[in-house]
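What follows is a single structure, written as C-alpha cells, with notes after it.
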Amino acid sequence: MSKSAEVKDGICYMCTTACPTRIHVQDGKAVKIDIADPKVTHCPRWKAQLDFVYHPDRLQYPVKRTGKRGDGSWQRISWDEALDSVAGNLQSAKDKYGPESVIFWIAYTKEPRPYFHRLTHAFGSPNYCTESSNCFSGTWIASNLTFGYDYSYFTISGGSVEPETKCKLIWGAAVVTSPPVWEENFYAGNNGVKLIVVDPRRTDIASRADIHLQLRPGTDGALALGFMNVIINENLYDKEFVEKWTVGFDGLKKLAQEYTPERVEEITRVPAGKIREAARLFATNKPGKVHLSANSTTHHVNGVQNHRAVILLAAITGNFEVPGGNRYVAISTEGTNDISLHERIKDMPPGIGSQQFPLWTSRYHEMQSNSIADQIESGQPYPLKAMFSAGLCTQFFGNTNRMVETFKKLDFIAVTEYFHTPGTQLADIVMPIASWLERPILMTGFMGMSKLIEPAIKPLGECRTEWDIYSELAKRLGFGDLFWDGSFEKCADYILEPMKITCKDLQQHPEGIKQPVPAVSENPYEKGGFKTPSGKIEIASATLAKHGLDALPVYHEPPESPVSRPDLARDYPLVMTSGARVMAYTHSQFRNLPQLRKLMPDPLVDINPADADPRNIKTGDMVTVSSPRGSIRMKANVTDAILAGVVSLPHHWPDELNVNLLVDDSTLDPISGFLPYKSQLCQVSKA
Ligand SMILES: Nc1nc2c(c(=O)[nH]1)N[C@H]1C(S)=C(S)[C@@H](COP(=O)(O)OP(=O)(O)OC[C@H]3O[C@@H](n4cnc5c(=O)[nH]c(N)nc54)[C@H](O)[C@@H]3O)O[C@H]1N2
Ligand SMILES: Nc1nc2c(c(=O)[nH]1)N[C@H]1C(S)=C(S)[C@@H](COP(=O)(O)OP(=O)(O)OC[C@H]3O[C@@H](n4cnc5c(=O)[nH]c(N)nc54)[C@H](O)[C@@H]3O)O[C@H]1N2
Ligand code: SF4
Ligand SMILES: [Mo]
C-alpha cells in the first residue's frame, strides 16, 4: 500500500518570479502542487507545472546529432560520452583559437546563472551572454546613468501603491506580467488614485485609466519631453528639488521647448489636449508614482534615452524618494560572495559587443549577444568557434534567419534543455536538465530570506542538474577545483559566507533563515548624494558625454519609421510592436501544455479596423506580415484596442510564426545595444 503524500517546499519556476509552492509527493512522484501566495492564484501557469515536468516529450537522456544541422536526427549517448565530447570540443576550440572563441549563452532562466557565469570565466572566456542583452538591463542602465541606482525603482514589480500615492503613471507596462502585484495595480484606478496609462494598446489597465495616451511605438521620449514642456512652462515642477539635486536642467528646459504638445502630437499621434491634461494631472496630484515596463521603452534604437526622459518626470516633479512616490526599495540583504570570477575579464580579450557598447558591457558585466552574428561573420576582433548554451531559443534573436545561418558556421554547439526546440536543432550535443522540482535551489537573502529548497523528487530519467553538468565539465577541463570538486554544499557555503550562515544551517532550517534587510533612510541621497559622477541626478549625463553620446535625454526617431523612412513606408506602411506578454506563456515556453495552449491556441496579429477594412481583413483571416527582412503568417484579430496604423504581434512562436524573423538586427541602441523589437515597419495583407 502506498504511503500518504509528503508535502515539500518548492518554487514555481514557470517564470522567474519564483513563487513559493507546496509539492505533494507520493511514492517518489509529485502528485499535486499548491501555490503559497494567494496573490498569484490567478496565474494559470503554476497549475500546469506537473504537466510540464512529466511531459512525455521531456528530454531524459543526452543525445548527439547524427545528420546535418537542422535534420532532427539524434542518437542516444551516455553521460560520459556527452560530457567528454563537450569538454573535448570546448578544449580544442580553446587550444586552437583561444578560450575567447567560445560563447557561453544562457537564456531567460535565472537560477543557474551564477554557476554558468563562473563556468564562463573559469574557462577563460569573457563571453558571458544572457537574455538580458534585450531585457531589463536597458532600463537598469538608464536608471544607473541618471540616478546611480537600480532599475527596481520604476518597474511594476519594483514597488507597490503606497497609501500616500495620489497619481500613478503606468508607462507601457502590462501589469498582467507581474502576477504578485497584479491586483493592487489593477484596482489602483478604483481607490481614488488617478491613473494615467501610456500604451499603444487599450489594455485592461488602460481601459480603467483616467487618461489613456495611445502613442505610436518608439516615440516615448518625445511624449515625455512633451510632458516636460507643459510641466516646465506652467511652472509645475519642483524648483527647489531641481536646483539642489539635479544637473542639466537648463539644457532640458531648452530641449523641451522644441516639444510643444502640438509638435508632440505630430510625432506620437497622441492629441495635444490629452498630453496637456495628463502632464497637469501627474504634476498636480502629488505624490505621484511612475511605473514602467521592463522593456517597452527600451526595445527601440533610442530606447535608453526614451527611458531616461520618462523616469526624469519623477525627478523634476519632486516625486523622488518621498512616501508614495518613486522610492528605493531594498530587496536583498547585502553581502553574498559573488562567484562569477568577473574580475578575471580584465586580462582577457574584449568580449562580444564590448567595443560597440562599452558602457553597457562594462556596467552590466555581461557581453552583448546582439553582436554575436557580426562577430561570427567577420571574425573580428577574433573568431568565435563554439558555443555552450543553457537553454537555446533561436526566436530570441533579431533577424532570426540570419542568426540561425550564422550559428551553423560554428564548429560546435552544446545545449542543455528540457525539450527539443528550434535551438536544439542546431546543436551537436543536447543534454537533458533537471527541472526546479528535481534540483536544489539556493535562495540568498531575497527579502531577507535565505533558504535551501531541496529537490522534491529525483530527476526524471537521466536528467541532471545544471550545477552537476557544469562541475563535471569543469573537472574534465582541468579546473574542477574552481567548482569545489563538485560539492554544491561547499559552493553554497562560499556564497553565504558574508551572511555568516552555512549550507548546513539551511539544511537544518528548511523553513529558511531570515535576516534583516538594511533599512533605507527616507532620503538616502541626503547622505553623500547620488552615486553619479556629479553626486546629483544627471539630467545631462557626464558619462554619456564622455562616451561621445548625447548627454541630454534627446529624442531620435526610430531609424525605421514612417517619418525617418518615408521611402520604405510606401511598401511597409504599418508600425509594428511585438512581444506584449500573455498570461499563458513565458516567452517560447509551454506551447506544448494543452491546459495553457487552450488559453491562446494561435498567435494573433492585432490590427485596427481602419487598417483591416481597406485590406479586406476580418478577424480569423490568415494574413501575411512582412518586413524588409522576411514574412510570416498569422491569424488577424481586428480590434480598435490597437492604435490605427500600428500592429501588435506576439513573440517567440516557433519557425514561420516567429515575429523576430521580421526584426532588424543592424541598427541597435547605441548605449545598450538593444534590438528594436517594438518599432519596425511592416505590411499586412490577406494571405
Ligand atoms: N505571462 C508572462 N509574464 C511575463 C513574461 C512572459 O513571457 N509571460 N515575461 C517576463 C519578462 S522577461 C519581461 S521583460 C516582462 C515584461 O513585462 P512588461 O514590460 O510589463 O510587459 P510587456 O507585455 O512586454 O509590455 C507592456 C506593454 O507595452 C506596450 N507597448 C508596446 N510597444 C510600446 C511602446 O513603444 N511604448 C509604450 N509605452 N508601450 C508599448 C504593449 O502594448 C504592452 O501592453 O514580463 C515578464 N512577465
Ligand atoms: N519580438 C520580441 N522579442 C523578444 C521580446 C519582445 O518583447 N518582443 N522580449 C525579449 C525579452 S524581454 C526576453 S527576457 C527574451 C526571452 O527570451 P528567451 O531567453 O529565449 O526566453 P524563453 O523562451 O523563456 O527561454 C529560452 C529557453 O530556455 C529554456 N530554459 C528554461 N529554463 C531553463 C533552465 O533552467 N535551464 C536551461 N538549460 N534551459 C532552460 C526553455 O526551455 C527555452 O527553450 O525575449 C526577448 N525577445
Ligand atoms: S508568476 Fe505564475 S508562473 Fe511565475 S512563478 Fe509565480 S505562479 Fe509561477
Ligand atoms: Mo525580459
Side-chain angles (χ1 to χ4, degrees), residues 147 153-156 158-173 175 181 183-199 202-215 220 223-246 249 252-253 256 259-261 264-265 268 270-293 297 307 309-329 522-523 537 539:
F147 301 106
Y153 266 123
F154 294 105
T155 56
I156 277 282
S160 51
V161 186
E162 294 177 294
E164 295 88 352
T165 307
K166 289 218 177 63
C167 181
K168 206 163 152 115
L169 173 55
I170 297 192
W171 201 293
V175 285
V181 294
E183 260 170 62
E184 60 189 82
N185 282 294
F186 199 61
Y187 295 112
N190 293 348
N191 55 11
V193 179
K194 301 282 185 231
L195 185 60
I196 305 165
V197 173
V198 181
D199 196 307
R202 190 175 63 247
T203 56
D204 277 336
I205 189 105
S207 66
R208 285 155 199 270
D210 295 279
I211 305 179
H212 173 203
L213 306 176
Q214 237 175 331
L215 84 175
D220 302 83
L223 185 58
L225 289 169
F227 270 61
M228 300 285 190
N229 179 289
V230 177
I231 292 169
I232 294 172
N233 291 345
E234 298 187 7
N235 275 314
L236 301 175
Y237 66 100
D238 186 330
K239 287 190 198 64
E240 205 187 307
F241 184 85
V242 164
E243 239 159 64
K244 193 162 166 206
W245 287 114
T246 68
F249 182 73
L252 177 69
K253 190 169 171 180
Y259 292 88
T260 60
V264 175
E265 172 173 340
T268 63
V270 178
K274 273 196 165 184
I275 299 170
R276 284 204 173 82
E277 199 190 337
R280 288 173 189 150
L281 193 73
F282 178 66
T284 56
N285 283 277
K286 293 201 334 191
K289 189 164 189 147
V290 193
H291 268 161
L292 285 100
S293 150
T297 43
H307 195 85
V310 179
I311 58 182
L312 278 168
L313 287 170
I316 70 152
T317 51
N319 277 310
F320 204 70
E321 291 299 358
V322 296
N326 286 97
R327 291 211 273 178
Y328 180 72
V329 209
E522 204 77 317
N523 288 317
I537 295 174
I539 299 174

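Quick caveat, the model's predicted, so the values are computed rather than measured. Residues: numbered from 1 along the sequence shown.
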| note | In V197, I196, L292, the residue satisfying side-chain contact (heavy atoms from CB on, under 4.5 Å) with I170 is V197
| request: Check whether any side-chain N or O of H212 sits under 3.5 Å from a backbone N or O of D199 as a donor-acceptor pair, and report yes or no. | output: yes
| note | Here the pair of heavy atoms bringing M228 nearest to L312 is CE-CB, 3.7 Å
| query | Who pairs with E234 by salt bridge (Lys or Arg N to Asp or Glu O under 4.0 Å), at least two apart in sequence or on another chain? | reply | R280
| message | For a quick test of reading the model, state the closest non-hydrogen atom pair linking V322 to P287 and the distance between them. | response | CG2-CB, 4.2 Å
| What's the shortest heavy-atom distance between S207 and D204, and which atoms? | OG-O, 2.7 Å
| task | For residues V264 and G226, report the shortest heavy-atom separation together with the two atoms involved. | result | CG2-CA, 3.7 Å
| task | Measure the shortest side-chain to side-chain distance between F249 and Y237 over non-hydrogen atoms and say whether it is less than 4.5 angstrom. | result | yes
| said: Rounded to the nearest 0.5 Å, what separates atom CG in L169 from atom CG in N285? | reply: 12.0 Å
| request: To the nearest 0.5 angstrom, please state how far the CG atom of N326 sits from the CZ atom of F320. | output: 7.0 Å
| request: Starting at CH2 of W171, measure out to CG of L223 and round the result to the nearest 0.5 Å. | output: 4.0 Å
| request: Might you point out which heavy atoms bring A283 and I231 nearest each other, and give the distance in Å? | output: CB-CG1, 3.9 Å
| said: Is there a side-chain contact between K286 and D238 in this structure, where contact means two heavy atoms from C-beta onward sitting under 4.5 Å apart? | reply: yes
| said: Rounded to the nearest 0.5 Å, what separates atom NZ in K274 from atom CD in E265? | reply: 11.0 Å
| field | Set of side chain to side chain donor-acceptor pair (under 3.5 Å) partners for N319, sequence neighbours left out | value | T317
| query | So how far is it from I275 CD1 to L225 CG, rounded to the nearest 0.5 Å? | reply | 11.0 Å
| said: Is it the case that the side chain of D210 and the backbone of L195 share a donor-acceptor pair, with hydrogens and angles ignored and the cut-off at 3.5 Å? | reply: yes
| query | If you round to the nearest 0.5 Å, how far is CD1 of I539 from NZ of K253? | reply | 12.0 Å
| said: I want to check something: taking the side chain as every heavy atom from C-beta on, are L213 and F227 in contact at a cut-off of under 4.5 Å? | reply: yes
| Just wondering, do F282 and V290 contact through their side chains at under 4.5 Å, heavy atoms? | yes
| query | If only atom types and distance count, is the side chain of S293 paired as donor or acceptor with the main-chain N or O of A173 below 3.5 Å? | reply | no
| said: Is the positively charged end of K239 above the ring of F241, judged by distance under 6.0 angstrom from the centroid and angle within 45° of the axis? | reply: no
| Heavy-atom closest contact (V270 atom, Q214 atom, distance) | CG2-O, 3.6 Å
